[in-house]
J.: 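Sharing a structure, written as structure tokens. Questions coming.
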Amino acid sequence: MQRIGVFVCWCGSNIAATVDVQRVAEELKKEPGVVFSADYQYMCSESGQNLIKDAIKEHALTGVVICSCSPRMHENTFRKAAASVGLNPYMVEIANIREQCSWIHKDKATGTEKAIILGRAAIAKVHLNAPLIAGESPVTKRALVIGGGIAGIQTALDIAEAGFEVDIVEKSPTIGGKMAQLDKTFPTLDCSACILTPKMVEAAQQEKIKIYSYSEIDEVKGFVGNFSVKIRRKARYVKEDICTGCGLCTEKCPQKKVPNEFNMGMDNRRAIYIPFAQAVPKVATIDPNYCTMLKTGKCGVCSKICGVKAIDYTQQDEIVEAKYGAIVVATGFNPISPAKFDEFAYSQSPDVVTSLEYERLMNAAGPTNGTLLRPSDGKHPHTIVFVQCVGSRCDGAEKGKPYCSKVCCMYTAKHAMLTREKYPDTDVYVFYIDVRTPGKNFDEFYRRAVEEYNVHYIKGMVGKVVPENGKLKVQAADLLSNEQLHIDADMVVLATAVEPDPSARSLATKLTASMDTNDFFTEAHPKLRPVESPTAGVFLSGMCQGPKDIPETVSQASAAAAKVIGLLVKDKLVGNPCVAHSDELLCNGCSSCEKVCPYGAITYSDKEFRMPDRTTALRRVAAVNPAVCQGCGACTVACPSGAMDLFGFSNNQIMAEVDAICK
Amino acid sequence: MQVENKEFKPLIVAFCCNWCSYAGADLAGTNRLNYPADVKIIRVPCSCRVNPMFILRAFQRGADGVIICGCHPGDCHYTTGNYYARRRMTALFSMLDYLGIEKGRTRVEWVSAAEGQRFAETMNSFVSTIISLGENKRLEDLRCKTK
Amino acid sequence: MTKETLIPLLGVVTDIRADTPDVKTFRVEAPNGGKVFEHIPGQCAMLSIPGAGEGMFSITSSPTNKEFMEFSIKKCGKLTSWLHQMEVGQEIAIRGPYGNGFPVDTEFQGKDLLFIAGGIGLAPLHSVINYCRDNRDKYGKIDIVYGSRSMDDLVDYKEIIDEWCAEDGIDVYLTIDRAQEGWDGHVGFVPNYVKELGFDTNKTAVICGPPIMIKFTLAGLVELGFDKTQVYTTMELRMKCGVGKCGRCNIGDKYVCKDGPVFRCDQLAEMPDEY
Amino acid sequence: MQDKMIARAKELLRDGAVNRVLGWKTGEFVYDITPAVFTSAEELDRDFVFDAFTAANLSKYLVKESKKEGKVLAFLKPCDSYSFQQLIKEHRVDRENVYIVGIPCEGKVDIEALKARGISGITAIEETADAVTVKTVYDEDITVAKQDVLFERCVNCKSKKVVICDEMLGENGEIVDSDRFDAVAKLEAMTPDERFAFWQNELSRCIRCNACRNVCPACTCEKCVFDNVNSGVEHKVAANSFEESLFHIIRAYHVAGRCTDCGECSRVCPQHIPLHLLNRKFIKDMNELYGEYQAGADTETRPPLVNFSMDDCEPSIVYQRGGNA
Amino acid sequence: MYQLSLDNLQNFFRQIAAHEKLYIPTDKDNVAVYAEYAEGMQLTQKLNTNRSAKDFFFPQTENLYDLRMNGKNLEIEDTREACEDFVVFGVRACDVRSFAILDKVFLADPVDSYYKNRREHGTVVSLACTRPEETCFCQSFGIDAAAPEGDAACWIADGSLYIKANTEKGETLLSYVADLLTESDGSAVAAQQEKTRQLLAKLPLANTDFEGMKKTDLMAHFKSPKWAGLSEACLGCGTCTFVCPTCQCYDIREFDTGSCVKKFRCWDSCMYSDFTLMAHGNSRNSQLERFRQRFMHKLVYFPDNNDGVFGCVGCGRCLAKCPISMNIVKVEKALEVQDA
């Protein structure tokens with residue numbers, strides 16, 4: 001029988017207003033095993049914690065029940081308090097009488113009654129709690145960054161700077177990501193390449209950083225501090241260590257008709273290519289979908305002209321297996337395709353472009369060498385209509401996304417401003433629902449577009465774009481003046497929503513990291529742990545977690561790096577002791593548990609047992625690796641004999657709670 | 001609504017997974033979204049931790065309804081837990097139905113940490129289902145009813 | 001005797017003594033004072049606590065004690081753990097007495113008695129030893145051999161030293177399994193000690209302790225020339241109903257709860273080896 | 001068949017391929033046959049029997065037998081072979097220590113079915129290919145069609161194929177189309193009230209003798225949860241209808257995906273509770289919801305309850321299925 | 001002896017049921033069970049009920065008392081309700097005899113008041129067998145299936161029910177139905193008894209003789225090498241013990257309802273692996289030991305303690321119900337063969 005102390009928190013008036021805390025404390029005092037019961041204004045405060053600590057010492061408590069806010073808030077606080085006076089932290093249970101009681105009930109009698117029941121359930125559970133001691137595991141002092149965009153680069157640089165080795169895995173032939181495709185960056189209008197490429201070079205030169213370009217993650221095993229990752233280095237048919245990046249092959253390759261993804265398919269590249277001039281690593285890659293040699297075995301031009309003999313048509317995918325202590329996900333985003341939005345005629349007219357395409361049209365390295373020309377006829381456009389929120393903030397979410405893509409307002413203002421600056425003869429209209437410009441110098445930037453550059457901002461949505469006689473007839477509503485507008489535009493630019501990279505979902509499965517319904521990675525806590533995923537040792541950087549601009553991305557990247565560094569400096573990790581365990585005397589060896597374990601934490605072995613009738617028997621029994629087990633409990637239900645149970649959430653503990661609630 | 005049901009205060013046990021639904025319930029609280037006090041939540045690490053024995057135990061002890069809440073399929077903190085829970089509960093519920101136990105007494109709902117509103121709505125809807133079903137008579141243990 | 005065979009009576013724990021690190025002695029009285037029921041030495045009683053179960057324990061106090069009963073209980077399972085943590089004033093359910101008890105008013109009368117106990121095995125003998133002390137004129141010389149793992153594990157050490165050792169006509173021989181600081185007495189296992197001591201074979205012996213100790217002590221006594229009819233022992237209390245009906249404590253056609261737990265060793269020799 | 005089996009068993013014993021034989025032993029009457037281990041040719045000649053009444057599934061005995069010294073010969077009928085293969089899948093038997101001789105089965109006669117026809121006082125039974133003739137102590141001579149007195153599991157036989165063996169005696173059969181789920185479907189079509197009444201009536205007869213559990217080749221737990229005082233569901237007898245249901249729900253649930261539908265539970269139930277209808281419900285559901293699955297048909301596939309697919313149906317499907325109020 | 005036309009049987013039942021609760025063996029889903037008489041309920045045509053009649057006096061579960069703990073205070077409450085008078089009709093000779101065996105256990109000092117209560121309030125009306133079955137061997141225990149004991153005994157012959165009171169309780173019962181009864185010389189009964197006895201003599205187990213068991217001493221039976229073979233197929237289920245009219249082993253357990261702890265008694269089976277499991281171990285670890293205990297108890301220990309009366313009445317239920325068809329007759333034959 002435990003000696004239990006009950007501590008009822010008022011949480012100021014948050015709890016006390018709808019729960020009679022004194023009565024809760026009094027009633028719970030009557031429960032078996034309860035030797036101390038008290039209420040206090042703020043249990044989480046220092047004096048509240050002291051109250052708990054003193055009671056533990058004075059009454060030799062073996063169990064503590066705290067009736068307070070959600071365990072998700074302060075479970076750790078109270079566990080630490082208990083531990084500081086020598087009580088095992090896992091002898092503390094929380095009855096959630098705030099979020100699940102006082103805040104949802106208005107009637108004090110109801111709230112009080114429910115709080116007592118919740119308290120009883122926690123007491124019933126604590127009776128069956130056993131002191132748990134967390135296991136320890138070593139930390140591999142190397143980090144993996146998945147994605148080589150600005151988020152990944154920044155994270156890797158920061159981690160490397162702190163002295164830890166870090167590998168970047170990038171699925172395309174070069175790092176740089178989406179930022180490399182941008183022309184200028186808001187709100188300062190400095191050249192994107194000018195600020196990004198030095199970082200790319202730095203990453204390439206940093207000794208602690210190893211870049212696996214043109215590579216993907218095949219498999220992730222292990223757990224925080226001890227991940228084992230299989231990286232698939234896709235065959236690029238060019239020996240990376242030999243290729244000098246001279247680019248001769250990319251000029252001589254006879255296959256000229258390959259859409260250039262770097263320029264959003266608005267021009268062509270060769271089958272062997274270097275994505276762009278500043279690519280890192282600056283190594284050619286053969287696109288197996290277009291290479292005549294790879295497809296038909298006839299050609300071999302590049303191989304013939306390569307001075308260093310770097311071409312290798314026989315190259316195969318290579319699997320590299322490496323160990324990491326931490327993994328950072330920086331898989332970034334893609335703009336959604338506006339093809340689904342028939343009303344904007346994106347598929348019908350080449351002059352309807354996405355913002356990223358427009359970005360390339362404005363860029364000196366782009367398909368038009370930086371001159372703004374209509375894709376259809378190469379003529380200079382005079383009237384340009386920008387449409388905001390294409391696919392963002394959609395209600396139905398069938399075609400679009402329910403969320404705000406966050407960066408579109410600013411880049412549209414940037415595009416409008418740059419257009420007006422370079423081509424003052426151009427009329428620029430921006431149709432918007434709201435203009436959202438919270439950020440340092442953002443609103444000023446937007447106002448300059450309106451006030452200095454005379455961009456026509458119109459609140460309203462474009463209803464239809466009809467290509468007609470070389471023009472794009474734009475029908476729109478001006479919600480402020482409440483009139484229908486008809487604009488004959490030369491170009492329409494769609495500020496398409498962003499979405500996570502499609503590779504993210506399968507990666508999440510491999511990492512056992514969770515995602516929200518939009519496939520953005522979920523953070524461990526939306527406010528307090530925004531750069532960690534709920535899976536220990538997996539961190540989030542950049543757009544993979546949610547829409548954000550470059551400054552925010554870089555901030556998060558550095559924050560993630562800081563978290564990784566904080567993890568890697570540790571020599572040992574203390575695990576979660578609430579893990580599964582197998583009672584070998586009950587185990588049948590049937591393997592059901594092994595099959596449902598998502599972590600491969602269960603292994604079987606034949607062991608000799610002394611049976612009750614004094615004979616010995618060799619039996620196949622399960623054992624759980626506590627360092628690998630994450631404590632989900634899937635095995636406990638798969639086990640028919642009840643040999644598998646979970647520390648901290650044992651069958652008997654949960655049933656005791658059920659009993660107490662139903663009493 | 002029948003008159004006789006007015007007196008009936010159902011007893012409802014909700015098993016909520018720690019990562020999504022329990023957090024969803026917290027969010028419902030944070031947003032002061034009301035749902036009946038008849039619902040009492042038990043925190044489990046994952047919906048796959050819910051053993052059919054717990055559900056039967058709740059009915060034995062006098063529960064009128066049992067609801068299991070977990071992360072949306074695909075969002076399980078443990079990747080696959082709720083997929084197993086989904087099959088297990090489907091099988092169990094079907095068996096209970098086969099034995100003639102009212103179908104509505106057990107339910108599985110997926111509620112994410114962000115769906116405080118949905119949590120409250122789910123609980124309101126479940127409570128009203130149970131009120132319309134009335135007291136659990138088919139899986140009761142009379143020994144536990146004499147208070 | 002409990003009036004209804006299976007319905008217990010209330011008892012109040014009025015005193016708790018820690019004898020050894022894992023043995024406590026509990027004093028039980030009726031709620032209004034006095035004993036819950038009368039018993040004879042060697043009998044036992046079923047103690048129960050709702051939720052923790054019930055268990056059969058030897059009554060360690062002598063029937064000559066008119067105020068209370070005592071139980072010396074070793075902590076080994078759910079119920080005993082519960083009993084060990086309870087406080088004075090706790091009410092418990094108690095039914096009994098069960099078993100045949102020692103033949104203190106028949107076979108034992110006028111005999112020299114040799115009590116041999118190991119560890120918690122002293123508990124059932126405690127009652128009969130004190131009964132004999134209180135009826136000193138009915139019995140001859142009393143020898144007591146008692147051993148335990150260590151000094152700390154000797155149950156009732158204080159009473160043994162202060163009372164038993166001080167009494168005329170009683171010789172107490174203590175031993176512990178392994179030498180220990182602060183112990184200047186005998187060191188060694190009980191069966192060997194008994195053989196070393198080499199008692200007269202005209203005595204009636206009573207052995208209680210772990211099965212292995214009983215086995216070797218009995219063999220030792222036989223070696224010394226004792227007949228099995230002179231040796232008594234008391235069985236492990238593996239009973240449930242206590243009244244010879246539930247069907248599980250039988251050894252052959254004998255029920256431990258009715259025909260035992262005290263058996264003469266010659267009887268035991270004729271019983272199936274199922275204990 | 002019996003003679004062939006005895007001959008083969010004697011051969012294998014003589015050759016030292018096995019040191020004992022698991023089979024069936026004659027009893028006091030024609031039909032009270034006991035599973036037994038034979039160690040000599042004499043015993044086999046004297047007591048070994050294989051006929052219409054050798055119904056017991058021997059596979060469960062192999063859990064213990066396969067752990068003993070030396071190899072054991074076991075005769076397995078199609079049903080038994082599924083159970084045995086499932087036990088291999090669950091690592092409960094040591095395959096190396098068992099020599100399996102597969103034997104075809106044309107269905108076994110249920111003595112209770114005979115008795116249910118009012119036949120009692122049986123002194124002798126004669127069996128032909130399709131009829132059974134009973135002599136009684138009342139000097140009756142009754143002949144019934146065999147088909148009418150077979151076990152339910154045999155009437156609705158799912159497979160006549162021995163799925164695992166070292167050798168076959170006689171011709172192996174094939175998996176057959178059976179109507180074994182019809183009775184489940186019939187129950188499903190009832191209203192919940194009718195179903196409730198049906199099962200309350202059936203389960204109320206349960207005396208918790210554990211025959212169903214102890215005979216079940218899937219119930220081989222080292223310690224059953226119902227015997228384990230720490231399991232939270234332990235109880236020795238059903239004190240009320242709740243505990244009656246609890247036992248049978250949990251038992252069926254624990255063997256769900258593992259039950260081969262061998263029908264032993266219903267065969268041995270002294271109270272004639274159609275326990276197989278519980279197990280078959282799970283089998284039927286899983287076949288319908290997650291794809292056909294036959295426990296014991298192989299040793300590799302994942303049982304449905306330790307498996308999943310991303311697009312599995314939601315538990316709410318139950319609200320749409322089955323009989324409605 | 002009195003006579004009553006079977007046409008009047010429902011009236012007979014109705015009139016008894018008007019005074020006391022009446023239980024008769026009837027068919028439920030093709031299983032014969034004792035059920036409380038309800039209007040129109042028919043007597044089963046089956047020889048005997050699936051379960052024995054011991055439930056009436058020794059039910060499978062019964063609450064003994066409630067315990068409530070409140071702080072340090074304990075409350076013990078005897079929750080028994082007053083037992084009403086009842087009549088069990090149609091008990092076969094074997095089952096009637098089983099009550100005498102149960103009496104030896106439960107009414108021996110100290111008396112089991114739960115059992116005694118029911119026994120005192122119950123009137124047993126036996127019914128002679130006419131079609132004994134192949135599994136019957138009651139005659140091995142000196143039971144005459146054609147002349148059953150009981151507070152009152154009945155015969156059905158030639159379309160009539162014949163009834164004779166043996167005890168005061170039986171007389172009381174007859175008084176309930178006095179208006180329906182006519183005096184009879186019992187010649188039809190005698191004729192029918194003769195027929196039944198002829199059948200009994202022809203039964204395959206008619207010559208099973210348990211007296212031979214007594215020729216060998218306890219230890220020799222206990223140590224017999226036969227037990228290993230006999231018990232090897234035993235599943236360790238409790239079927240035999242639960243259908244047995246004389247098995248009376250029980251367990252005392254508790255159930256925590258949340259508001260109190262109910263102490264209850266329930267049937268237990270010596271065949272169960274945990275029957276003798278205690279905190280400090282198990283005295284019967286193997287199925288061999290458990291199997292042996294059951295038969296040793298019935299055939300050796302019980303007679304040793306009860307003037308040679310065996311703990312078996314030959315009802316044959318275990319023969320019919322054992323999942324693996326191992327039973328007391330096979331055991332007896334195996335042990336005797338060895339003795340010879």
J.: D/P192 and B/R138: which non-hydrogen atoms are nearest, and at how many Å?
T.: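 Answer, listing the atom of D/P192 first, then B/R138: O-NH1, 3.8 Å.
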J.: Looking at CG of D/L246 and CG of B/D141, how far apart are the two atoms once the value is rounded to the nearest 0.5 Å?
T.: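 The CG atom of D/L246 sits 9.5 Å away from the CG atom of B/D141.
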J.: At what distance, to the nearest 0.5 angstrom, does CZ of B/R107 lie from OH of D/Y319?
T.: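 The OH atom of D/Y319 is 5.5 Å from CZ of B/R107, to the nearest 0.5 Å.
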J.: Sort out for me which of D/L289, D/V225, D/N307 touches chain B most, counting heavy-atom pairs under 4.5 Å.
T.: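 Maximum pair count with chain B is reached by D/N307.
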J.: How many angstroms lie between OH in B/Y98 and CG in D/L278, if you round to the nearest 0.5 Å?
T.: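 If I round to the nearest 0.5 Å, the distance is 6.5 Å.
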J.: Of all heavy-atom pairs between D/V318 and B/S94, which one has the smallest distance, and what is that distance?
T.: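 Shortest heavy-atom separation between D/V318 and B/S94 comes out as CG2-N, 3.7 Å.
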J.: Sort D/L305 into side chain, backbone, both or neither according to what part of it lies under 4.5 angstrom from a heavy atom of chain B.
T.: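 The answer is both parts of D/L305.
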J.: Can you give me the closest heavy-atom contact between B/A91 and D/F282, atom names plus distance?
T.: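 Taking B/A91 first and D/F282 second, the nearest heavy atoms are O-CE2, 3.4 Å.
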J.: Tell me, do D/C313 and B/T90 make a side-chain contact under 4.5 Å, heavy atoms counted?
T.: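 Answer yes - side chains close enough.
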J.: Can you check whether D/R195 reaches B/D97 side chain to side chain, under 4.5 Å on heavy atoms?
T.: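 Sidechains of B/D97 and D/R195: in contact.
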J.: Side-chain contact, heavy-atom cut-off 4.5 Å: D/E314 with B/W110?
T.: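 SC-SC contact between D/E314 and B/W110 confirmed.
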J.: I'd like to know which of B/L99, B/I101, B/V108 tops the heavy-atom pair count under 4.5 Å against chain D.
T.: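 So the answer, after comparing B/L99, B/I101, B/V108, is B/L99.
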J.: For D/L277, which atoms come within 4.5 Å of any heavy atom of chain B: side chain, backbone, both, or neither?
T.: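 Both backbone and side chain.
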J.: Take a 6.0 Å sphere around NZ of D/K284 and say whether it holds more than 12 heavy atoms from other residues, nucleotides or ligands.
T.: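 Result for NZ/D/K284: enclosed.
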J.: Contact part of D/D312 toward chain B, heavy-atom cut-off under 4.5 Å: side chain, backbone, both or neither?
T.: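 Answer is both: backbone and side chain atoms of D/D312 are under 4.5 Å from chain B.
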J.: Salt-bridge test for B/R87 and D/D285: reply yes if a basic N is under 4.0 Å from a carboxylate O, no otherwise.
T.: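 So B/R87 does not pair with D/D285 through a salt bridge.
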J.: Quick one: CD on B/Q60 to CG on D/N240, what's the gap to the nearest 0.5 Å?
T.: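 Here the rounded value is 7.5 Å.
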J.: Where on D/E243 is there a heavy atom nearer than 4.5 Å to chain B: the side chain, the backbone, both, or neither?
T.: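 Side chain of D/E243 only, per the 4.5 Å heavy-atom cut-off to chain B.
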J.: Side chain, backbone, both or neither: which part of D/S316 has a non-hydrogen atom closer than 4.5 Å to chain B?
T.: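 Interface part for D/S316: neither.
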J.: What I'd like to find out is whether the side chain of D/F242 reaches to under 4.5 Å of the side chain of B/R143, using heavy atoms alone.
T.: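 Not in contact.
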J.: What pair of heavy atoms forms the shortest contact from D/I249 to B/M95, and how long is it?
T.: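 Nearest pair, atom of D/I249 first, then B/M95: CG2-CG, 4.4 Å.
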J.: What part of B/L96 lies closer than 4.5 angstrom to a heavy atom of chain D: side chain, backbone, both or neither?
T.: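 Interface part for B/L96: side chain.
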J.: Name the option with the most non-hydrogen atom pairs under 4.5 Å to chain D; the candidates are B/R57, B/E109, B/M89, B/R88.
T.: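 Of the options given, most contacts go to B/R88.
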J.: Parallel, tilted or perpendicular: which one describes the rings of B/Y83 and D/F308, with boundaries at 30° and 60°?
T.: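 Ring orientation of B/Y83 relative to D/F308: parallel.
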